[in-house]
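Here's the structure we're looking at; comments come further down.
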Amino acid sequence: MEGKVYTGEDYKTKFNPRDYLKTYYAFDSGTVAENEILKFLLNNLFETFSPGGVGGDILIDVGTGPTIYQLLSACEAFREIIVSDYLELNLREADKWLKKEPGAYDWSPAVQYVCELEGDRSKWQEKEARLQRTVTRLLTCDVNQPRPLGSAQVPAVDCVLTLLALECACRDVDAYQAAIRSLVGLLKPGGHLVTSVALHLQNYMVGHSKFFGLPLEKETVEKALQEAGCQVLKSQYSPINYSEAYCINEGLYFVVARKDPGA
Ligand code: SAH
């Protein structure tokens, strides 16, 4: 149907991982706005997970999608990474890259970019191998459930990472706050929640399918984190927007928060 906005279960039939990658992660060969957004995210992730920053035993990425760029700095700072998404198909796409299967998405421009930030662009293949070793599990999840990981046995983690996912998955601000609370519930006391949000999101395109986006403000994000028992340690705003033909948003927000160590 023309103009229908997809949400919830529609993801299972309408979200095409390859279309998503082509539109938003073509990097060097893609559109300027999408490249700038990816660089904003990679720069912030590099700062967050560099030595002396956020690190530890286990990191779980929630709403991973078909992408791995968000783990390129984190794989240097954690012993183990768990990825999770609502869609099996997205996990399958990420797994293709992790297992170096034929037809896997080529992330090498992003990997090289991160290696350059770290000081040696030539080490990109080592980084790919490290990330491929560090991801130990791929789990399905639903952030709209009180237990997002269902019955999967996962110990309390040092870091929850969730980029550009909750504003796609949650229908309203109450659901967003509840999702933040349940993600904070996965953390050890003193653990970190690292998130990035496309602010004032209205909707976004994946191929010819239009998906719902929840319009969030900076203050709503911070309030949800505080109400879930976290202190916001760092927040970085950028006024960059996606290309209008793909996605309607107003700026991007990157936040690092810490769960109360006494919780
Ligand atoms: N983190 C990736 C993907 C974001 S796209 C990136 O930075 O590009 C939004 C993602 O949210 C999709 O992968 C989609 O499958 C996932 N998603 C949608 N509903 C969800 C839900 N209820 N629980 C968890 N993830 C969900």
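Residue numbers start at 1 and run along the sequence shown. In listed order, ligands and their atoms are each counted from 1.
- A cation-pi arrangement is present between K12 and Y86, with the terminal nitrogen or guanidinium carbon under 6.0 Å from the aromatic centre and inside a 45° cone about the axis.
- Each of the atoms 12 (C), 13 (O), 15 (O) of ligand 1 lies under 4.0 Å from some heavy atom of N90.
- Atoms of ligand 1 lying under 4.0 Å from at least one heavy atom of N144, given by number and element, are 22 (N).
- Of all the listed residues (F212, Y11, Y20, Y86), Y11 holds the heavy atom that lies closest to atom 14 (C) of ligand 1.
- Ring to ring, F15 and Y6 are not that close: their centroids are 6.0 angstrom or more apart.
- Nearest to atom 6 (C) of ligand 1 by heavy atom, out of Y24, F15, Y25, is Y25.
- The residue among A165, S196, G63 with a heavy atom at the shortest distance from atom 1 (N) of ligand 1 is G63.
- Using modelled atom types, one finds a donor on one side chain and an acceptor on the other under 3.5 Å when comparing E34 with T31.
- Within ligand 1, the atoms closer than 4.0 Å to a non-hydrogen atom of G65 are 3 (C), 13 (O), numbered from 1 in the order shown.
- Interface of T67 with ligand 1, defined as ligand atoms under 4.0 Å from a residue heavy atom, comprises 2 (C), 6 (C), 8 (O).
- Donor-acceptor pairing under 3.5 Å is recorded for the side chains of Q112 and R121.
- For atom 7 (O) of ligand 1, the nearest non-hydrogen atom of the protein is Y69 OH, 2.6 Å.
- Regarding atom 13 (O) of ligand 1, its nearest protein heavy-atom neighbour is D85 OD1, 2.8 Å.
- For ligand 1, none of its N or O atoms has an N or O atom of A169 under 3.5 Å away.
- Using a 4.0 Å cut-off to heavy atoms of D142, the atoms of ligand 1 that qualify are 21 (C), 22 (N), 23 (N).
- Aromatic pair Y25/Y69: centroids less than 6.0 angstrom apart.
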